[in-house]
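As structure tokens, the structure follows; a few thoughts come after it.
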Amino acid sequence: MKTTDKMLEATKELWKSYNEHPFVKGIQDGSLAKDKFKYYIMQDYLYLKEYAKVFAIGVAKANFRNSNLFAKYIAVMNGELDVHSGYMGKI
């Protein structure tokens, strides 16, 4: 059995509990209060902005191969930030 399979098996109940969390359920069924979703989006937006800076440092300090990889992660985060900006403009 691969290590990842062992890890997934060992954390199966934990992952299940994440999917049963009231916040996740509220997003799923539409019952989550708008202010809670707004707070989450704002916090996640701020987190992504700072996390992108970490990868920017990686771009500057890594070897060429890894710096290209880190640069791609920044582009992905920018896409996520665009989605968040769209939500924030609506909520």
**Report entry** Minimum heavy-atom distance His84-Asp44, with the two atoms named
**Finding:** NE2-OD2, 2.7 Å

Query raised in the report: Do Lys6 and Glu9 meet the salt-bridge criterion of a basic N to acidic O distance under 4.0 Å?
Result: no

Query raised in the report: Considering residues, nucleotides and ligands other than Phe70, do more than 12 of their heavy atoms fall under 6.0 Å from its CZ?
Result: yes

Report summary line: Smallest heavy-atom separation, Met77 atom then Leu48 atom, equals SD-O, 3.9 Å

Query raised in the report: Nearest 0.5 Å, what's the NZ-NE2 distance between Lys16 and His21?
Result: 16.0 Å

Query raised in the report: When the ring planes of Tyr40 and Phe37 are compared, do they come out parallel, tilted or perpendicular, using 30° and 60° as the limits?
Result: tilted

Report summary line: Asn68 meets the side chain to side chain donor-acceptor pair (under 3.5 Å) criterion, sequence neighbours left out, with none

Query - Pairing residues for Lys53 by the side chain to side chain donor-acceptor pair (under 3.5 Å) criterion, not counting sequence neighbours - result: Glu50

Query - Shortest non-hydrogen contact between Gly26 and Asp29, atoms and distance - result: O-OD1, 3.4 Å

**Report entry** Minimum heavy-atom distance between Ala62 and Ser67, given as atom pair plus value
**Finding:** CB-N, 3.8 Å

Report task. Looking only at non-hydrogen atoms, find the nearest pair between Asn19 and Lys25 and report the distance. Result -> O-CD, 3.7 Å

**Report entry** Connected via hydrophobic side-chain network under 4.5 Å: Tyr47 and Ile74
**Finding:** yes

Query raised in the report: What is the minimum heavy-atom distance between Lys36 and Phe23, and which atoms define it?
Result: O-CE1, 4.1 Å

Report task. Treat each ILVMFWY residue as a node, draw an edge where side-chain heavy atoms are under 4.5 Å apart, and state whether Val59 and Val76 are in one component. Result -> no

Query raised in the report: Going only through I, L, V, M, F, W and Y residues with side-chain contacts under 4.5 Å, is there a path from Ile41 to Val24?
Result: no

Query raised in the report: Nearest 0.5 Å, what's the CG-CG distance between Leu69 and Asn63?
Result: 10.0 Å

Report summary line: Connected to Trp15, directly or through other members, by ILVMFWY side-chain contacts below 4.5 Å are Leu14, Tyr18

